[in-house]
Amino acid sequence: MGTPKDTEELGFLAFTSRTPDARFDRLDLEQQRAVDSDEAPLRILAGPGSGKTRVLTNRIARRIADGSIDARRVLALTFTRRAANQLKSRLNRMGIRDLGAVGTFHAVALAQIRQYRSDRGKRQPVVLAGRRPLLRELIGDFPNLRLNMAAAEIDWACSQALTPDEYRNGSGRGRVGDTQARQIAELHRSYMAYKRRRGLLDFDDILVECTELLRNDDAFRDAQHWVFRHLFVDEYQDLNQTQFNLLRQWVGERTDLCVVGDPDQAIYGWNGADAEHLINFCADFPSAGTEVLTTNHRSQPQIIRAAKAVLGRTSSESDPEIEDRQFPTTADFSDEWEEAVGISRYLRQERLPETRWSRHAVLARTNEQLQVIARALSQFQVPHRLRGQGGVLKLPEVQDVIDRLCSAGNELATLAADLFDEFDHGPQSRVAELAVQYASEHAHADGSGFRDWLRTLRPGDLDHEEDGVDLVTFHAAKGLEWPCVIIAGVETGLVPIRSDDPEERRLFYVAISRAQQQLHLTWARTRRTGERLQSREPSPWLRLIETADQRPTRPSGERTARHLAKARKILGVELDTETALRDRRLRDWIERTARSRRIEPAALLPDRLIAKVAEAAPTTISQLEMVTGLGKSRLNRIGPEILAVIAER
């Protein structure tokens with residue numbers, strides 16, 4: 001290892017302030033400060049790609065290694081099972097296995113409720129799969145209410161820990177008016193009474209009941225405080241009031257709390273999440289300190305600039321190799337179907353035979369957009385998967401596996417292991433894998449407990465891994481990343497849907513920042529909504545991205561020399577001056593033409609073929625086909641232009 005000065009210049013260092021340990025990750029200076037900080041409580045503000053999971057993992061590992069925390073007393077809270085698994089697997093790779101609890105708010109709270117009832121000989125709760133079916137039965141008494149609107153308002157009221165009367169006499173009036181607020185409150189009251197009579201809990205009831213137990217039962221609270229002494233919370237900007245109330249009870253008067261979050265990625269306000277909990281953390285916990293992670297290690301500089309431009313910020317990111325980067329590109333199409341076809345063709349052209357389809361993702365604002373794109377991908381035989389929708393549970397073969405597991409009683413662990421061996425791939429294996437995980441994490445796991453636990457999961461937790469292009473909504477894409485990202489429907493009416501909502505801007509920022517290397521933006525000049533065909537304009541945020549673009553406009557001698565060196569490396573030969581000039585002319589033509597036509601440069605000629613074409617200098621379409629291996633239809637369209645560029649003097 002070099003001196004601290006040497007490692008600082010590289011931007012990374014190992015654990016220099018403490019004893020080096022090969023198990024730990026290499027960290028940049030900001031990350032290192034956050035890992036080593038002795039502040040308690042501690043807030044870590046972490047932008048996209050800044051390594052928040054790496055920091056959270058290494059902070060837990062560092063404190064376990066130096067003896068300042070007991071691994072068995074850790075409570076690490078996430079918002080998805082996927083994030084919990086990622087955190088736990090990273091810690092396992094560091095040799096840390098005997099952890100207290102790593103899971104979602106709902107899963108941890110449900111486990112504590114079940115333990116409480118079991119210890120006292122009380123009947124275990126029955127968890128509802130969702131509110132909608134029960135509300136549909138009860139709404140008949142309120143003919144002037146629409147189910148979707150009423151259910152959304154009840155969801156919001158529960159996330160804010162509001163009683164029906166508090167909703168009716170407070171926020172509800174401003175949201176839907178006095179008459180509607182009164183009827184929704186009455187429906188909510190009927191719903192609560194129905195659950196009480198039948199001993200049912202819904203998603204938010206799990207959090208509320210655990211909060212009340214901690215608040216009102218001293219023995220239960222003291223037991224939980226003894227078990228869980230070191231608390232960590234991921235994605236703190238997504239906390240709603242009900243979750244915050246529970247967290248305060250888990251923390252109590254103690255200070256060993258570390259949270260990570262980013263107010264710029266607060267995109268769930270519609271669902272009751274409130275980034276003010278992150279912003280006001282130091283007011284809620286007056287002795288708290290703050291560390292900030294600003295360096296994006298995920299995305300290329302040109303993508304970082306695009307993302308920051310959407311928020312109205314300039315980027316200080318510099319890129320000495322800027323002319324060799326693939327800049328964000330845009331393309332417009334006549335309608336949504338042509339857009340989906342264009343995306344399908346782009347993916348078939350861009351994906352290399354030796355790479356996985358899952359390196360690519362198509363993001364869209366709505367599920368309806370993704371359904372159209374999925375149909376086009378199927379037509380073009382592009383493997384794909386709809387992520388974050390929980391569709392796996394709707395498959396009959398998966399339902400059969402779930403029923404078998406939930407009927408297993410105390411034999412759940414044995415049956416889960418057998419099914420996991422039986423289904424070595426596909427959606428059934430995902431459910432069996434979840435059952436194995438549940439059984440390993442719960443001392444008295446049984447089938448009924450597994451069914452309730454499944455209902456605490458988010459749709460994205462149920463995705464199964466198969467190679468295919470990921471189709472994901474902006475919301476479901478949060479926390480994920482891909483080398484190549486296509487964002488569809490970047491037009492008014494979708495991006496943004498509501499122009500006066502600042503959360504829409506943050507949502508687009510999140511979508512852009514999922515891309516690591518390539519970003520392609522598409523939009524449709526017309527789009528069908530219901531039976532109407534509407535004209536569309538490009539999103540106003542596209543202009544912000546174009547303005548932030550720092551791509552060079554003229555070739556330079558240094559740039560030509562760099563491309564020549566690159567071409568030599570690809571071909572393994574020395575290029576003469578004429579070949580170098582043809583290479584430069586081709587690259588200039590591709591850049592100029594792609595920009596004017598608003599298409600991806602690779603649609604004209606993939607980067608990997610430019611040097612080969614410059615070296616071979618073909619003079620006919622047939623020769624060009626032999627050099628590139630591209631299809632005839634594509635070459636008939638662009639081949640004459642390529643040959644003309646090669647022939648220039």
Worksheet item: Have E291 and Q31 got a donor and an acceptor in their side chains that come within less than 3.5 Å?
Response: no

Discussion item. With a 4.0 Å cut-off on N to O distance, would you call D332 and R525 a salt bridge?
Written reply: yes

Fill in: salt_bridge(R168, D178) N-O dist < 4.0 Å
no

Worksheet item: For D202, which residues count as a side-chain hydrogen bond (donor to acceptor under 3.5 Å, both in side chains) partner, sequence neighbours excluded?
Response: R131, Y191, K195

Worksheet item: So, the side chain of R505 versus the backbone of V310: is there a donor-acceptor pair under 3.5 Å, distance only?
Response: yes

Worksheet entry | Pair Q241-N245, side-chain donor/acceptor within less than 3.5 Å | yes

Worksheet item: Looking at A161 and T242, what are the two nearest heavy atoms and their distance?
Response: N-OG1, 3.3 Å

Worksheet item: Which atom names give the shortest non-hydrogen contact between S171 and L162, and what distance separates them?
Response: OG-CD1, 4.4 Å

Worksheet item: For R592, which residues count as a salt bridge (Lys or Arg N to Asp or Glu O under 4.0 Å) partner, sequence neighbours excluded?
Response: none

Response to the item:
Heavy atoms of K478 and I267 approach each other most closely as CD-CD1, 3.5 Å

Item to complete: Kindly say whether the aromatic ring centers of H475 and Y268 come within a distance under 6.0 Å.
Response: yes

Worksheet item: So does R527 pair up with E491, basic N to acidic O under 4.0 Å?
Response: yes

Practice prompt. Test side chain to side chain contact (heavy atoms under 4.5 Å, CB included) on L386 and V472 and set out the steps.
Written response: CA-CA 6 Å; L386 288 159; V472 200; over 6 Å; no

Discussion item. I'd like to check the salt bridge (Lys or Arg N to Asp or Glu O under 4.0 Å) partners of E504; sequence neighbours left out, ordered by chain and number.
Written reply: R365, R498

Item to complete: Of all the heavy-atom pairs spanning P263 and L278, show the shortest one and how long it is.
Response: CD-CD2, 3.5 Å

Worksheet item: Closest heavy-atom contact between T593 and L604?
Response: CB-CD1, 3.7 Å

Item to complete: Just say parallel, tilted or perpendicular for the rings of F281 and Y236, cut-offs at 30° and 60°.
Response: perpendicular

Worksheet item: Does the ring of Y346 carry R351 above it, NZ/CZ under 6.0 angstrom from centre and within 45° of its axis?
Response: no

Discussion item. Restricting to non-hydrogen atoms, name the atom on W523 and the atom on V490 that form the minimum distance, rounded to 0.1 Å.
Written reply: CB-O, 3.3 Å

Discussion item. Under 4.0 Å between a side-chain nitrogen and a carboxylate oxygen: does that hold for E481 and R298?
Written reply: yes

